[in-house]
2 protein chains.
Amino acid sequence: MKAQELKKQSSVERILSAALEIFADSGFEGARIDEIAARAAVNKAMIYYHIGDKRALYARVLHDVFSDTATRLTQRVARAQTPVKKLKAYIRSMAATFEQHPLLPPILMREFASGGRNFPETVAEDMLRILDTVSSIVKQGHKKKVFIHVHPLVLHLMVVGTMTYIRSTRPVRQRLVDIAEKEVLLPESEDGSAPLADVEKLVLRAIKR
Amino acid sequence: MKAQELKKQSSVERILSAALEIFADSGFEGARIDEIAARAAVNKAMIYYHIGDKRALYARVLHDVFSDTATRLTQRVARAQTPVKKLKAYIRSMAATFEQHPLLPPILMREFASGGRNFPETVAEDMLRILDTVSSIVKQGHKKKVFIHVHPLVLHLMVVGTMTYIRSTRPVRQRLVDIAEKEVLLPESEDGSAPLADVEKLVLRAIKR
DNA sequence: GTTTAGTTTAACTAAATAGTTAAACCATAG
DNA sequence: CTATGGTTTAACTATTTAGTTAAACTAAAC
């Protein structure tokens, strides 16, 4: 690859990385283009030159973060044989997504709080595919008398809600520790994975017959 | 009460109500003082005169919304006798809070996404009291061999996460319906309460021995 | 009717903000 | 070395935004 292309790619990657962090931290409206440029160590005109305006930048960031989430989840679930295994595959796939994109939870939360008005269309379609998958798992499991009857949406929101809250509330909880020494932090090395094992265990117990 | 005081109170109430809606919809940074004033049908200088700057307004709104949440929850739980009844009391009290303050979920989600940097100190203290209560319920239940061992924080985030997601994702889900006729809306009359019955049932099943 | 204190307003200020532009710079081709 | 196209930059523009102020208005006290 030409040095010039590498140079461009480096700039674009730094811009996207900085944008993701700042959109996650401040939301679309609260994010400042100058701040993104400063964090990417580029002149802000480069953002407009390489990517586009603020909204185009945001859409690009969301696209990158959501990229293949639904596809990977549905494929992983398809490979599992039994409803219980499918459910575990679904939960683990969601957990892997958040593991790979730790800044996704705050972005999801803000978008949900805003009615998803900044979501690209592809993200909406991906959500439908994921819900279809969850619906299929739950219905199969109920049919085989392995799961109780549960609304797939409630189950999905329980899984996503719990995982994103565990991840996103950590700074707030750290603040609580500064107020009073309390069990509000989960073990450091586990905030990414072990609580998600808890989530899997609790969810399975919730719906298994 | 004097007519002048009534007039003032009316203005202040309209300002606070408009501010709550707009802070819920756009967050602290995304909210516009001119928009809040327009919605309250007041000149924006009145906001500064009666309440203060943007941050003071936000703190006031949060204070009003969080008002007594922790107190009412701890009192309600204290009145229950058994761990199972205490757990139900806790879940129902959270549900009642969100029922009474439907704009609280999006505000909570944004604040958590922002590390709670705009939370007043009293809110942080209230969260600790709530977590203490949940911890006590879970420990008593485990001691009496009614509940499995579960980290109280994970349980609490599961309850709050599920409830706030159910409430806050409704506009996004409505948009999904516009894309494809799918079961992504919960029954209209139930979006406030029946899913919360589901949450109670699922949570109980998750941790009961 | 006058005075007073509180409420409300139009107009304003200073700073912040997204976005643009012409020019400088740089790597590559010839 | 020169020309070219792409990248980067400093400076800029227009608009938005939070916050302020002096004056007008209003209700109540005297």
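Predicted model, so just to flag it, every value in this text is computed and none were measured. Below, chains carry the letters A, B, ... as their sequence lines are ordered, and counting in each starts from 1.
Following rounding to the nearest Å, A:M46 (CE) and C:dC25 (P) show an atom-to-atom distance of 16 Å. C:dA18 atom P lies 15 Å from atom OH of A:Y58, rounded to whole Å. Distance CD1 (B:I36) to C1' (D:dA18): 11 Å, rounded to an integer number of Å. Atom P of nucleotide D:dA18 and atom CD1 of B:I51 are separated by 15 Å, given to the nearest angstrom. Rounded to a whole Å, the CD1 atom of B:I22 is 11 Å from the P atom of D:dA18. Straight-line distance from the OH atom of B:Y49 to the P atom of D:dA23: 17 Å, rounded to whole Å. One can place CD of A:E29 at 17 Å from C1' of D:dA18, the figure rounded to the nearest angstrom. As a whole-Å value, the separation of A:I47 CD1 from D:dT7 P is 15 Å.
Using a 4.0 Å cut-off between charged side-chain N and carboxylate O, A:E99 and A:R167 make a salt bridge. The pair B:R129-B:D132 does not count as a salt bridge, with every side-chain nitrogen at least 4.0 angstrom from each carboxylate oxygen.
A:A41 comes within contact range of no nucleotide atom at all, as no heavy-atom separation falls under 4.0 Å. Within the nucleic acid shown, B:A31 comes within 4.0 Å of sugar-phosphate atoms alone, with no base atom in reach, counting heavy atoms only.
Within the structure, every side-chain polar atom (N or O) of A:H50 is placed at least 4.0 Å from both OP1 and OP2 of D:dG6. Remark: A:S11 is not in phosphate contact with D:dT7, judged by side-chain N or O atoms under 4.0 Å from OP1 or OP2.
Sorted by first and then second residue, the pairs that involve residues 49-61 of chain A and meet salt bridge (charged side-chain N to carboxylate O under 4.0 Å, His left out), not counting sequence neighbours, are A:R60-A:D64.
Ring geometry for B:Y90 versus B:H156: interplanar angle of 30 to 60°, hence tilted.
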(message) Applying side chain to side chain donor-acceptor pair (under 3.5 Å) to A:S114 and B:R110, what does each step give before you reach the verdict?
(response) CA-CA 9 Å; A:S114 302; B:R110 291 181 195 283; 2.8 Å; yes
Donor-acceptor pairs under 3.5 angstrom involving side-chain atoms of residues 37-50 of chain A: please list them, not counting sequence neighbours.
| unit_1 | atom_1 | unit_2 | atom_2 | d |
| --- | --- | --- | --- | --- |
| A:R39 | NH1 | A:E21 | OE1 | 2.7 |
| A:N43 | OD1 | A:A45 | N | 2.9 |
| A:K44 | NZ | A:D34 | OD1 | 2.9 |

(request) Classify every nucleotide of nucleotides 19-24 of chain C by which part a protein heavy atom approaches to under 4.0 Å, writing B for the base, S for the sugar-phosphate alone and - for neither, in 5'-to-3' order. (result) BBB---
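Under the 3.5 Å distance criterion, the side-chain polar atoms of A:T74 are matched with a main-chain donor or acceptor of A:T71.
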